[in-house]
Structures are given as structure tokens and as C-alpha cells.
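Single-structure report; data block below.
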Amino acid sequence: MALASLTASASGEREPVDSADFEQLPWYKQLMNNNFRINDPRIRYPKFPKFCVDVYNWGDRTFNTYDTTYVVGTGKNWKAMLRSYNWMQSYAIYFSDKEHLRLISNPYSDLGAYLCFMAVSLSYTGNMNAIADRTESRRKSFNFDFCCALFSASLKYSKTSGGVKLTHVSDYHDAHPDIPLDDVAQRTITGAAYYFFNHRKYSQAAAYSFSKYQLKSAGTWIAGLSFSHQRITMDFRSLPPEVIAHVPMLKPNYLFHYTDYDLLGGYGYNWVLYPKRWLINGTILPSIGYKRSYETATEGRRNMFSTNVRAMASAVYNHKALFAALQLNFEGHVYFSSDYTFFNSVESIALVAGVRF
């Protein structure tokens with residue numbers, strides 16, 4: 001069954017339900033009675049609620065209008081979801097082709113339940129690491145995401161400490177040493193806002209927030225702005241001497257403290273697979289700009305060239321009111337010094353299952 005048949009109309013409206021008592025109800029009970037379909041013509045709004053509905057409809061027409069041969073609404077205002085979110089951090093320092101080291105953190109896991117009404121979401125997220133280990137978590141995270149037809153915006157914060165392993169050291173005889181290194185801490189704030197040029201035919205929300213159906217394959221060029229503030233401390237003094245001997249240029253400790261201001265651009269594409277229940281998205285967003293290193297950093301105060309990259313992918317399956325998705329995300333940052341190149345990244349995978357109603 002094509003997804004177009006799952007919606008009552010492109011706008012998500014249903015035919016009015018006959019009810020002798022509906023007209024006699026207060027306006028807020030009328031909303032509850034018709035499952036919060038705010039544009040039901042039978043609802044008798046007072047002046048201020050009517051003004052709010054008019055403002056919402058104006059914003060929806062201005063910022064969320066699509067070519068309905070490519071994108072349609074789901075016909076539902078509510079979503080309930082379970083989301084398993086798993087992420088980790090990676091680090092690498094390259095002094096030369098033969099002298100380098102790589103590190104990776106333990107996986108962090110969250111399980112969340114979400115109840116969403118239109119653009120408003122109420123959620124509760126449990127820290128699976130703390131529950132499994134019965135220990136207090138040494139990480140904090142916060143994510144904000146907004147997406148409409150024209151543009152997308154995000155803000156992310158994370159703070160972690162410890163839980164890192166050294167996985168590769170130059171030509172060290174053990175190819176996978178997995179040496180624990182607890183003296184690593186990171187605090188990161190990143191944000192981005194970008195515009196979809198082919199916004200009438202391409203829907204990011206169909207792939208990542210499940211509020212639209214993509215009916216035909218389409219792609220778009222993307223452009224916008226991004227920033228990143230990072231403070232990363234790394235203390236290598238606890239490493240065994242035989243390991244340190246393989247990276248003679250390695251300093252005892254490092255502090256990377258900088259802010260990037262970048263121009264961002266890239267491309268996103270939605271593949272719709274027959275019979276239009278499967279949607280696969282791939283998006284790549286490299287960025288370039290200006291990096292400011294602070295006086296507290298190992299390199300001191302410096303103005304540098306900034307280059308970073310974001311990439312994401314999503315595979316979504318829709319079946320009537322049900323949906324499920326696998327989502328991948330990667331965000332990498334590069335730091336160039338006269339003596340070395342430092343690269344750090346965050347990789348995540350999310351599993352989502354939910355129902356629209």
C-alpha cells in the first residue's frame with residue numbers, strides 16, 4: 001500500500017465526525033474530542049486561542065510547505081516512541097606516518113520514552129550505563145533539534161571523563177593493546193543551522209523525526225553555519241614506559257581548548273524504496289572556517305584554519321501507524337599543529353520504534 005493512502009488528505013485533516021453534542025462542548029473539550037485536530041472548522045475558539053492557531057497555520061504554510069507529489073503529512077498529531085541511543089568518542093594524534101596513537105571511549109547508552117504532540121515533545125531518558133554498573137555516570141549530554149521544510153537547526157552539549165582505552169600505538173608489538181586511560185576528559189558544545197535548497201521536494205523530517213512521508217526520491221544541496229566549542233584534556237603519564245617509547249614526541253599531557261566558526265555545505269538524499277514503506281537517507285556536511293585556540297591550550301592562543309565534517313544516515317520503515325528506524329551519526333573535528341594533527345569524533349547509533357495516533 002502506498003503511503004499516500006495512509007493519510008486522509010495532504011494536510012492531515014479528517015472528515016468531520018457527526019455528533020449531536022459536539023457543538024455544545026467548550027472549545028478545549030472539542031479539541032480533545034477530535035484528537036486535537038486544531039483546524040476542525042467546527043471548533044469555536046475564543047480570540048486568543050484562535051490567534052495562536054492562525055499564527056501556527058501561517059508558520060506551517062511559510063516554513064513547512066511541500067510539493068505533495070513528493071512529501072505529505074502523516075495525518076497524525078501524536079507520536080509515542082521508544083529510542084535506544086548509543087554513542088562513543090574517538091581520538092587520534094598523528095605526529096608522522098610512523099608515529100601516532102588512537103584512543104576510543106567505552107560506549108554510552110541511553111533508553112528513552114517520548115510522547116510528542118506536533119512540535120512539542122515530553123520524554124524520559126534512562127542512563128543504561130549507570131543502571132547496569134550501579135555507578136554514578138561520569139557523562140552528561142543534552143540535545144536540541146528542530147527541523148522544518150526550509151531549514152534544520154541543532155544544539156548539542158556533552159561532558160565526559162574517563163572510560164577511554166588506548167587502542168593503537170605506532171609500531172607497538174601488540175596491535176590492539178586496549179590500555180585503560182582514565183585521565184581523559186571532554187566538554188563540547190556544538191550547533192548548526194542549515195537551509196535546504198530543494199525544500200519543496202525533500203523532507204529531512206521524514207527520515208529523522210517521522211512527521212512526514214517522502215513519496216518519491218529526492219535530494220537537495222544544503223548550506224548553513226556551524227560552531228563548535230571544545231575543551232579536551234589528555235594525561236598520558238600513567239601509560240607504561242614501553243608504550244611511551246614508541247611515541248617519543250608525545251607530551252605528558254595536552255589541553256585542546258578552542259572554538260570553531262564555520263561555513264557548512266553538503267548534500268542530502270532520500271531514497272524511497274517500493275512499495276514506499278522504506279526510506280533511506282544519506283547526508284554529508286563538511287565545513288570550513290576559523291578556529292580560535294585559547295591561551296589555556298597546550299598550543300597557546302592561536303588563530304587557525306578550521307575544517308570539520310558531519311554525516312548522518314537513516315533507514316526508516318513505515319507500516320500504517322507504526323514506524324521503526326535505524327539512525328547513524330558522525331561528527332568529526334580536526335586540529336592542526338606544527339608538530340601534530342589531532343582528530344576527535346563522536347559516533348552514534350539510534351534504534352527507534354513508535355506509533356502515530
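In what follows, residues are counted from 1 in the order of the sequence shown.
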Query raised in the report: Taking everything shown except K251 itself, do over 12 heavy atoms lie less than 6.0 Å from its NZ?
Result: yes
Query raised in the report: Hey, does E331 have a side-chain heavy atom less than 4.5 Å from the side chain of H333?
Result: yes
Query raised in the report: Do the side chains of T283 and Y194 get nearer than 4.5 Å, heavy atoms only?
Result: no
**Report entry** Close aromatic pair by centroid cut-off 6.0 Å: Y294 and H229
**Finding:** yes
Query raised in the report: Where do A92 and Y94 come nearest, in terms of heavy atoms and distance?
Result: CB-CE1, 3.5 Å
**Report entry** cation_pi(K216, Y70) dist<6.0 Å, angle<=45
**Finding:** yes
Query raised in the report: Looking just at side-chain N and O atoms, do T233 and D235 make a donor-acceptor pair shorter than 3.5 Å?
Result: no
Query raised in the report: Do Y208 and C147 have side chains that get closer than 4.5 Å, going by heavy atoms?
Result: no
Query - Euclidean distance, F63 CZ relative to L150 CG, rounded to 0.5 Å - result: 7.0 Å
Report task. Check the angle between the aromatic planes of F36 and F117 and answer parallel, tilted or perpendicular using the 30° and 60° thresholds. Result -> perpendicular
Query raised in the report: More than 12 heavy atoms of other residues, nucleotides or ligands under 6.0 Å from NZ of K156: is that the case?
Result: yes
Query raised in the report: Can a donor-acceptor pair be found between the side chains of N308 and S306 at a distance below 3.5 Å?
Result: yes
Query raised in the report: Taking the side chain as C-beta and beyond, is there a heavy-atom pair between Y108 and D110 under 4.5 Å?
Result: no
**Report entry** Distance, nearest 0.5 Å, that separates CZ of F22 from NZ of K29
**Finding:** 13.0 Å
Query raised in the report: Near L328 CG, under 6.0 Å, is it more than 12 heavy atoms from other residues, nucleotides or ligands?
Result: yes
Report task. Kindly work out whether a path of hydrophobic side-chain contacts (I/L/V/M/F/W/Y, heavy atoms less than 4.5 Å apart) joins Y91 to V309. Result -> no
Query raised in the report: Checking S293 side chain against R302 main chain: does a donor-acceptor pair fall under 3.5 Å?
Result: no
Query raised in the report: Would W87 end up clustered with L111 when hydrophobic side chains under 4.5 Å apart are linked, directly or stepwise?
Result: no
Report task. Please report the closest heavy-atom contact between G73 and Y213, naming both atoms and the distance. Result -> O-CD1, 3.8 Å
Requested in this report: Please report the shortest heavy-atom distance between Y45 and L31, naming the atom on each side.
Outcome: OH-CD2, 3.6 Å
Requested in this report: Given ring pair (Phe, Tyr, Trp, His ring centres under 6.0 Å), test F151 with F146 step by step and report yes or no.
Outcome: CA-CA 8 Å; F151 66 90; F146 176 82; 5.8 Å; yes
Query raised in the report: Mind checking whether T74 and K79 have side chains closer than 4.5 Å, heavy atoms only?
Result: no
Report summary line: For residues 341-351, the side chain to side chain donor-acceptor pair (under 3.5 Å) pairs (sequence neighbours left out) are S90-E347, Q230-N344, S345-E347
Query raised in the report: Which value, rounded to the nearest 0.5 Å, describes the distance between M32 atom CE and L25 atom CG?
Result: 10.0 Å
Query - Candidate pair R310 and L264, rule side chain to side chain contact (heavy atoms under 4.5 Å, CB included), full reasoning - result: CA-CA 9 Å; R310 300 165 185 253; L264 173 152; 4.0 Å; yes
Requested in this report: Start with the C-alpha gap between M234 and L103, add the side-chain angles, then the distance that decides, and say whether side chain to side chain contact (heavy atoms under 4.5 Å, CB included) holds.
Outcome: CA-CA 11 Å; M234 312 181 82; L103 307 94; 3.8 Å; yes
Query raised in the report: Under a 4.5 Å side-chain heavy-atom rule over Ile, Leu, Val, Met, Phe, Trp and Tyr, are Y274 and V272 clustered together?
Result: no
Query raised in the report: Hey, are R356 and N318 close enough side-chain-wise for a donor-acceptor pair under 3.5 Å?
Result: yes
Give the table of side-chain donor-acceptor pairs shorter than 3.5 Å for residues 219-228, with sequence neighbours excluded, one pair per line with atom names and distance.
residue	atom	partner	partner atom	Å
T220	OG1	F197	N	3.1
T220	OG1	N198	N	2.7

Query - Closest approach of A207 to V316 (non-hydrogen atoms, all atoms of both residues) - result: O-CG2, 3.4 Å
Query - Closest approach of V247 to V169 (non-hydrogen atoms, all atoms of both residues) - result: CG1-CG1, 4.2 Å
Query raised in the report: Which heavy-atom pair separates M88 from P107 by the least distance, and what is that distance?
Result: CE-CG, 3.8 Å
Requested in this report: Please check if L351 and L82 belong to a single hydrophobic cluster, counting links between Ile, Leu, Val, Met, Phe, Trp and Tyr side chain heavy atoms closer than 4.5 Å.
Outcome: no
Query raised in the report: CG/N77 to OG/S211 distance, rounded to the nearest 0.5 angstrom?
Result: 11.0 Å
Query - pair V72-Y66: side-chain heavy atoms closer than 4.5 Å - result: no
Query raised in the report: Are a donor atom and an acceptor atom from the side chains of D67 and T69 found within less than 3.5 Å of each other?
Result: yes
Query raised in the report: Once you round to the nearest 0.5 Å, how far does CG of L166 lie from CD1 of I104?
Result: 11.5 Å
Report task. Using a cut-off of 6.0 Å, state whether more than 12 heavy atoms not belonging to F357 lie near its atom CZ. Result -> yes
Report task. May I ask you to check whether N39 and Y56 show a side-chain donor-acceptor distance below 3.5 Å? Result -> no
Query - Within 6.0 Å of CZ in F51, more than 12 heavy atoms from elsewhere - result: no
Report task. Step through the shown structure and confirm whether more than 12 heavy atoms of other residues, nucleotides or ligands are within 6.0 Å of CG on N143. Result -> yes
Query raised in the report: Can you list the steps and then say if I349 with Q327 is a side chain to side chain contact (heavy atoms under 4.5 Å, CB included)?
Result: CA-CA 6 Å; I349 179 171; Q327 298 176 339; over 6 Å; no
Query raised in the report: Got a donor-acceptor contact below 3.5 angstrom from the D145 side chain to the L155 backbone?
Result: no
Query raised in the report: Does S203 reach the main-chain N or O of Q214 with its side chain, forming a donor-acceptor pair under 3.5 Å?
Result: no
Query raised in the report: Quick one: CG on N34 to CG on D40, what's the gap to the nearest 0.5 Å?
Result: 4.5 Å
Query raised in the report: Should L101 and V184 be regarded as members of a common hydrophobic cluster, given that ILVMFWY residues are connected when their side-chain heavy atoms come within less than 4.5 Å of each other, either directly or indirectly?
Result: yes
Query raised in the report: Quick check: does any side chain N or O of N281 sit under 3.5 Å from a backbone N or O of Y269, one acting as donor and the other as acceptor?
Result: yes
Query - Side chain K291, main chain V334, donor-acceptor under 3.5 Å - result: yes
Requested in this report: Report the residues that fulfil ring-ring contact (aromatic ring centres under 6.0 Å, His included) with Y335, sequence neighbours left out, ordered by chain and then residue number.
Outcome: F256, Y258
Query raised in the report: Any side-chain heavy atom of L279 sitting closer than 4.5 Å to one from F210?
Result: no
Requested in this report: Evaluate the criterion side chain to side chain contact (heavy atoms under 4.5 Å, CB included) for residue pair T167 and D178; output intermediate values, then yes/no.
Outcome: CA-CA 5 Å; T167 61; D178 285 339; 3.8 Å; yes
Requested in this report: Taking the side chain as every heavy atom from C-beta outward, state whether F323 and H319 have any atom pair closer than 4.5 Å.
Outcome: no
